[in-house]
2 protein chains.
Amino acid sequence: MHLEEARQKFVQSWGALGSSWGINRTMAQIHALLLVSTEPVSTEDIMEQLQVSRGNVNMNLRALIDWGIVTKENKIGERREFFVADKDIWAVARQIARERRKREIEPMLRVFDELKNTSGTDAETKEFKRMIGELTDFTSKADGVVDKFIRSDEHWFYKTLLKLVK
Amino acid sequence: MHLEEARQKFVQSWGALGSSWGINRTMAQIHALLLVSTEPVSTEDIMEQLQVSRGNVNMNLRALIDWGIVTKENKIGERREFFVADKDIWAVARQIARERRKREIEPMLRVFDELKNTSGTDAETKEFKRMIGELTDFTSKADGVVDKFIRSDEHWFYKTLLKLVK
DNA sequence: CTGAACTTTCAAATATTTCTGAAAGTTTAT
DNA sequence: ATAAACTTTCAGAAATATTTGAAAGTTCAG
């Protein structure tokens, strides 16, 4: 398989994976494209390579920047903007973990907290509260692990992983 | 907040969380409903409580059964089927991890494996292969952690978590 | 075997998400 | 100040995902 075919295959697969994790296909594809590009890439480049509109590229680039895994870059003597993805996979993973934690785990824990105050002493209510309690417990523990991961540097995490996978 | 309101809020939130993780809203809502139900629940019950059609409930129940986190239950002297969710959150999490591993991590590793064979000795190709190598490394390590989690019982995982979160 | 009770299927309808493209906005050079 | 070069916005269009509902299928008691 030659480079262009491989790159294309990677972009497609990364896009497909993204969509099964609640990330839109084009955003994931743009990210993939930047990941495997050695040079900073312009909006036009992306439009051409992925065959999508300027507006689409612009919006998804903003989102990637917002997630903190892509940055603008200015080439001297060039008017237009170029973009690069953080190439450190561990840093990208930590950043995504950080964002999803903020956007999903924290709000869910807040909901659970509210639900703890459900009134009633009947068996149904007790059972409901018990389940919410278990979910809170589980979610908090998962949150703890994610938090540790976010705070870790690669070295720490690598060592811990070694221990974990034996 | 009284029980019905709380239950409703939980079902809504679980549905919303599901959709940001690539699980369709109704499937997540049905799961939520079963999670907080003490008694086995019939298709009709779900239709009524979530205000969705019979076909929709049926399809999503099949999917939940397929994921291995919901089971059919027959009440004696009753013709129709009832459904219950596995109430052990850790078991549910392990099951979901197992399925997503099979459906997502494994195929992605297979794609990476193919991409390793990209021909070419130029700098671009080398860089591409290096990135694929890093992604493979990262994904394999994540896979190792997930695998360990899947094989763990709650006790083991709880202890490890304690170590992890200090 | 027949019909009642229930489940499954799937084509069409609906809802949701994503994308386009052109207009408006911004920045910089002259 | 003007214009060229580029970026952003967003209403409507297109694509995708989900849902409906009615017909077909299944099971079982009588």
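A note on names: the letters A, B, ... follow the listed sequences, proteins ahead of strands, and every chain is numbered from 1. As a basis for the values below, the full set of heavy atoms in this structure was taken, side chains included, without hydrogen atoms, waters or symmetry mates.
Distance, B/E78 CD to C/dA4 P: 19 Å, rounded to whole Å. The distance between atom CD1 of B/I46 and atom P of D/dT20, rounded to the nearest whole Å, is 13 Å. The nearest whole Å value for the distance from the CD atom in B/Q51 to the C1' atom in D/dT18 is 17 Å. Going from atom NZ of A/K72 over to atom P of C/dT26 covers 13 Å, rounded to whole Å. Taking atom CD on B/E81 and atom C1' on C/dC6, their separation rounds to 8 Å, with Å as the unit. Atom pair B/R80:CZ and C/dT7:P shows a separation of 8 Å (rounding to whole Å applied). Rounded to whole Å, the distance from CZ on B/R54 to P on C/dT8 is 11 Å. Summarising the geometry, the separation between CG on A/L64 and P on C/dT18 is reported as 13 Å, rounded to the nearest angstrom.
Heavy atoms of B/R79 sit under 4.0 angstrom from at least one base atom. Using a 4.0 Å heavy-atom distance criterion, A/N24 is classed as a sugar-phosphate-only contact.
In this model, the phosphate group of C/dT18 is not approached by any side-chain N or O of A/R25 to a distance below 4.0 Å at OP1 or OP2. At D/dG21, none of the side-chain N or O atoms of B/N56 fall inside 4.0 Å of OP1 or OP2 (strictly under the cut-off). Residue B/T26 places none of its side-chain N or O atoms closer than 4.0 Å to OP1 or OP2 of D/dT18.
B/W21 and B/W67 are members of different hydrophobic clusters when ILVMFWY side chains are connected at heavy-atom separations under 4.5 Å.
Sequence order on DNA chain D of the closest nucleotides to A/R62 and B/I23 puts A/R62 first from the 5' end.
Nearest approach of B/L35 to A/M131, heavy atoms of both residues: O-CE, 3.6 Å.
For A/N58, taking side-chain heavy atoms from C-beta onward, the closest of the listed nucleotides C/dT8, D/dT19, D/dT8 is D/dT8.
When atom types are taken as modelled, the side chain of B/T139 and the backbone of B/L135 share a donor-acceptor pair closer than 3.5 angstrom. For the pair A/R80 (side chain) and A/T43 (backbone), a donor-acceptor distance under 3.5 Å is absent.
Looking only at atom types and distance, the side chain of B/S53 has no donor-acceptor partner in the side chain of B/N56 under 3.5 Å away.
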